[in-house]
2 protein chains.
Amino acid sequence: MPADLISAMRDECPLEAGLHIIGGRWKGAILYCLTGGSRRYNELRRLMPQVTQRMMTLQLRELEASGVVHREVFPSVPPCVEYSLTELGRSLEPALMSLRDWGERYQQMTSDRRQP
Amino acid sequence: MPADLISAMRDECPLEAGLHIIGGRWKGAILYCLTGGSRRYNELRRLMPQVTQRMMTLQLRELEASGVVHREVFPSVPPCVEYSLTELGRSLEPALMSLRDWGERYQQMTSDRRQP
DNA sequence: CGGTATCCAAAGTGATACTG
DNA sequence: CAGTATCACTTTGGATACCG
């Protein structure tokens, strides 16, 4: 199926639209880190050592393209790039926190099952 | 990377854990449909004509395995299978609605951009 | 420091045909 | 009605090497 049709379909359902923005492989974790304030590129990499450089860049660029993350380059030597949430990104926080809270309860439930 | 390590990482971040449950290709739309009450298999297919039979079944089974969707088979002729949210699934609704609301505002913003 | 480019393996997805 | 099986294709993601 063509990519534009997929987008069209996702555009129809607001929930799918929202999930499409935050649902990328590492986007949840990245957004989670950025709720604590702006972060430099390598700072994010240290916070998420599992994420390869390639993926970190890709996911950040997609979040930037979606308008939820702001990328600011300080032309210094050595270079410095800071990432932060845009206002639109910060408006995501209630939804993010709600899902995180649910995730916490879910984690507790499943760990209870392993140790009854 | 091994699948169990991926799970382990997702288990650490509650937000990632939550996204992992609802983030599948069609899971948002399916959950969205099921918030309206229980639905038969073909009823879901009619509500989401874009989703192939194969994917519908796969995604429903994953949601069932995650414990958020209940599958009930009525042994009649012709067969009847009803899907509904479990209590755990219903506890997801606030997060779902929050993300849907954000998605709605996002859709309005982007349509404003196309027609200023 | 903060990236790109390239290549390749693995996972995801659709189309199609078949079934109890 | 509600699936399963198989195959082909597309997409995703990691490893690695290199760059301004």
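Per chain, numbering begins at 1; letters A, B, ... match sequence-line order.
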B:Glu43 and side-chain hydrogen bond (donor to acceptor under 3.5 Å, both in side chains): which partner among B:Arg39, B:Arg45, B:Arg46? B:Arg39

Between [N] ([atom2]) and [X] ([atom1]): distance, integer Å:
| X | N | atom1 | atom2 | result |
| --- | --- | --- | --- | --- |
| A:Arg61 | C:dA5 | CZ | P | 11 Å |
| A:Leu44 | C:dG3 | CG | C1' | 14 Å |
| B:Gln59 | C:dA11 | CD | P | 17 Å |
| B:Glu82 | D:dA2 | CD | P | 9 Å |
| A:Leu58 | C:dG2 | CG | C1' | 14 Å |
| B:Gln53 | C:dT19 | CD | P | 15 Å |
| A:Tyr41 | D:dG20 | OH | C1' | 15 Å |
| B:Met56 | D:dC1 | CE | C1' | 14 Å |

Between [X] (side chain) and [Y] (backbone), is there a donor-acceptor pair under 3.5 Å?
| X | Y | result |
| --- | --- | --- |
| B:Arg71 | B:Val81 | no |
| B:Tyr106 | A:Ser66 | yes |
| A:Ser98 | A:Ala95 | no |
| A:Glu16 | B:Ala29 | yes |

On DNA chain C, check which nucleotide each of A:Thr57 and A:Pro78 is closest to and give me the residue with the more 5' one. A:Pro78

When the nearest nucleotide of DNA chain D is assigned to A:Met55 and to A:Pro79 on a heavy-atom basis, which residue is associated with the more 5' position? A:Met55

Strictly below 4.0 Å: does [X] bring a side-chain N or O up to OP1 or OP2 of [N]?
| X | N | answer |
| --- | --- | --- |
| B:Tyr83 | D:dG3 | yes |
| B:Arg45 | D:dC1 | no |
| B:Arg71 | D:dG3 | yes |
| B:Thr52 | C:dG14 | yes |
| B:Arg25 | C:dA11 | no |

With heavy atoms under 4.0 Å as the rule, sort B:Phe74 into base, sugar-phosphate or nothing. nothing

Base, sugar-phosphate, or nothing for B:Arg54, non-hydrogen atoms under 4.0 angstrom? base

